[in-house]
Number of protein chains: 2
Amino acid sequence: MEEPSARPRRRADAERSIARIVSAARTLLSSDPNARTDDIAKAAGVGRMTLYGHFGTRAELVEAAFTDALRAGDETLSAIDLTGNAREAMTRLLASSWQVVAESAALLTAAEEVLPAGRIRELHAKPVQRMTELIRRGQDQGVFRTDLPTVWLVNVVHHVLHGAATEIRAGRLEPDDAAEVVTKTVQSMLTV
Amino acid sequence: MEEPSARPRRRADAERSIARIVSAARTLLSSDPNARTDDIAKAAGVGRMTLYGHFGTRAELVEAAFTDALRAGDETLSAIDLTGNAREAMTRLLASSWQVVAESAALLTAAEEVLPAGRIRELHAKPVQRMTELIRRGQDQGVFRTDLPTVWLVNVVHHVLHGAATEIRAGRLEPDDAAEVVTKTVQSMLTV
DNA sequence: CAAAGCTCGTACATGGAAGTACGAGTTCTT
DNA sequence: AAGAACTCGTACTTCCATGTACGAGCTTTG
């Protein structure tokens, strides 16, 4: 899908710049989805022109940052053991998921403003699939409800995670309580 | 709270213009939170200058539209009978609520971009209180869980409603199924 | 019916962010 | 060490939506 390493290949300093830019973009956009490219360049310790040399448009930059965040999230979540009892696996998955979601909530907003909905969905494929498989497995095991469409269950879990992120940002939920609250909520949601 | 009818009083044609503008703003902003004031004036069948005569800034206009939507929502929801068994009352409340939320989801986004968070919260006070009271009553009756903060329960219900709105917009949930799906989800969420 | 209150077109001012142009200097790569 | 690749400052150019100014002509209201 991506160009794995097409073209003449980049010089080492260029790679470094790009990495710093993407990282800065992730940071800034994660706290303000409207962060200006200008500020991102500054935060990356790089000239504005350098940034434009690598990312022709703001949209490209946002996409790169978003993709990177998803990659990082996937790395975290794919380390979790999801075998055995699906209910317990879900608890383990949620314990890490809420943080991943919370960290990049604003970044997602930025992406939604700039990328077509289909692209966003595409990039989300992995986490969605992970959750879908787990829920399906739970349904097969008879521990999760089957009276609602699986797609809905998957998505509503995501909405609850985003909800928790919002509540934390608004100061109405303590980060320390998040895992427990989210888990209890989701677990009963998955039960009739 | 508002100025009930302060000042010399407006002329009849002004009242009419304002009503048309607010209504157009509600419509446009409910489908595109970034709708331009220009387009709103056009849709209201009113000159741009007339609009600016009544609303000094875009923010004022958005607030007026948002307030009006909340007023309309409140009108709908306050007609619902919430007495008796809290669980059944909740089902009745949700049956109407999901639509109200879905209709103005984009408008809420517009408001969030332009109004301070506190103001939004303030304007939401009524619906929040309605839901809070119902949940508390259910807890007293012993039909709703008490192992999670009531504030969280109230807010997570809102998030689920918004989630349903999103799924509908994305074509992943049929409007006809919404009420059932939302109800089932929320009811089990409110149970241990 | 007259004054006050509204409407609304055209034209302009403002402001913010995106993206471009140019070109001199620096760092890699081979 | 030479050429290619990259950096990056400064100074535009564009674009687009918000908000203003001015003023002629309609409605309401009392």
Side-chain angles (χ1 to χ4, degrees), chain A residues 3 5-25 28-29 31-66 106-107 109-116, chain B residues 3 5-25 28-29 31-66 106-107 109-116:
Chain A
E3 340 125 87
S5 69
R7 256 33 86 58
R9 182 195 290 154
R10 271 187 294 255
R11 241 173 56 177
D13 51 353
E15 301 271 18
R16 242 177 292 138
S17 294
I18 292 177
R20 300 177 71 186
I21 292 169
V22 170
S23 157
L28 290 216
L29 292 172
S31 78
D32 174 11
N34 298 312
R36 289 152 292 170
T37 50
D38 214 354
D39 294 342
I40 293 173
K42 259 191 206 85
V46 132
R48 224 163 78 83
M49 300 328 297
T50 301
L51 189 156
Y52 274 106
H54 296 297
F55 303 92
T57 74
R58 192 188 131 90
E60 274 178 50
L61 176 55
V62 171
E63 174 159 351
F66 185 55
L107 178 51
T109 304
E112 280 170 342
E113 278 171 5
V114 143
L115 267 45
Chain B
E3 337 126 272
S5 69
R7 251 39 79 62
R9 182 194 289 152
R10 271 186 294 255
R11 242 173 57 178
D13 52 353
E15 301 271 17
R16 242 177 290 139
S17 295
I18 292 178
R20 300 176 72 186
I21 292 169
V22 170
S23 158
L28 291 216
L29 292 171
S31 77
D32 175 10
N34 296 313
R36 286 152 290 165
T37 51
D38 215 352
D39 294 342
I40 293 174
K42 259 192 206 84
V46 131
R48 223 163 78 81
M49 300 329 298
T50 301
L51 190 156
Y52 274 106
H54 295 297
F55 303 93
T57 76
R58 191 187 130 90
E60 273 178 51
L61 176 55
V62 171
E63 174 160 349
F66 185 55
L107 178 51
T109 304
E112 279 170 342
E113 279 171 5
V114 143
L115 268 45

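So that the names make sense, note that chain A is the first sequence line, chain B the second, and so on, each numbered from 1.
- Every residue two or more places apart in sequence or in another chain that forms a side-chain hydrogen bond (donor to acceptor under 3.5 Å, both in side chains) with B/Asp13 is listed here: B/Arg11.
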Within the sub-3.5 Å range, which N or O atoms of nucleotides 15-17 of chain C have a protein N or O partner, and how far apart are they?
unit_1	atom_1	unit_2	atom_2	d
C/dA17	OP2	A/Arg36	NH1	3.3

Please list, pair by pair, any protein nitrogen or oxygen found under 3.5 Å from a nitrogen or oxygen in nucleotides 24-30 of chain C.
unit_1	atom_1	unit_2	atom_2	d
C/dT27	O2	A/Arg11	NH1	3.1
C/dT27	O2	A/Arg11	NH2	3.0
C/dC28	OP1	A/Arg16	NH1	3.4
C/dC28	OP1	A/Arg16	NH2	3.0
C/dC28	O4'	A/Arg11	NE	3.2
C/dT29	OP1	A/Ala12	N	3.1

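- Between A/Glu60 and A/His54, the shortest heavy-atom distance links the atoms OE1-O, 4.3 Å.
- Contact annotation: A/Thr57 does not reach the phosphate of C/dA18 (side-chain N/O to OP1 or OP2, under 4.0 Å).
- Taking atom CZ of residue A/Phe55 and atom P of nucleotide C/dT20, one finds them 15 Å apart after rounding to whole Å.
- Of all the heavy atoms in A/Ala106 and A/Ser31, the pair that sits closest is CB-N, 4.2 Å.
- Within the 4.0 Å cut-off from OP1 or OP2 of D/dC8, at least one side-chain nitrogen or oxygen of A/Thr50 is found.
- Straight-line distance from the NZ atom of B/Lys42 to the C1' atom of C/dC8: 13 Å, rounded to whole Å.
- A close approach under 4.0 Å does occur between a side-chain nitrogen or oxygen of A/His54 and OP1 or OP2 of D/dT7.
- Contact record, B/Pro33 with B/Ala110: O-CB, 3.5 Å, taken as the closest heavy-atom pair.
- One interatomic measurement links the two molecules: CD1 of B/Ile18 to P of C/dG5, which rounds to 15 Å at whole-angstrom precision.
- To the nearest angstrom, C1' of D/dG19 lies 13 Å from CG of B/Leu61.
- Taking all atoms of both residues into account, the shortest heavy-atom contact from A/Thr37 to A/Arg58 is CG2-CG, 3.6 Å.
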Output a table of nitrogen or oxygen pairs between the protein and nucleotides 20-24 of chain D separated by less than 3.5 Å.
none

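- Note: CD1 (A/Ile21) to C1' (D/dC6) measures 11 Å, nearest angstrom.
- For the pair B/Val62 and B/Phe55, the minimum side-chain heavy-atom distance is 4.5 Å or more.
- For residues 39-52 of chain A, every residue pair satisfying the salt bridge (Lys or Arg N to Asp or Glu O under 4.0 Å) rule, not counting sequence neighbours, is listed here: A/Arg36-A/Asp39.
- Distance B/Leu51 CG to C/dT7 P: 10 Å, rounded to the nearest Å.
- In this structure the side chain of A/Phe66 never reaches within 4.5 angstrom of the side chain of A/Leu29, judged on heavy atoms.
- Residues A/Ile21 and A/Leu51 approach most closely at CD1-CA, 3.8 Å, considering heavy atoms.
- Spacing between atom CG of B/Asp38 and atom C1' of C/dC8 amounts to 13 Å, rounded to whole angstrom units.
- A distance of 5.0 Å separates CG of A/Leu61 from CD1 of A/Ile40, quoted to the nearest 0.5 Å.
- Residues passing the salt bridge (charged side-chain N to carboxylate O under 4.0 Å, His left out) test with B/Glu15, sequence neighbours excluded: B/Arg10.
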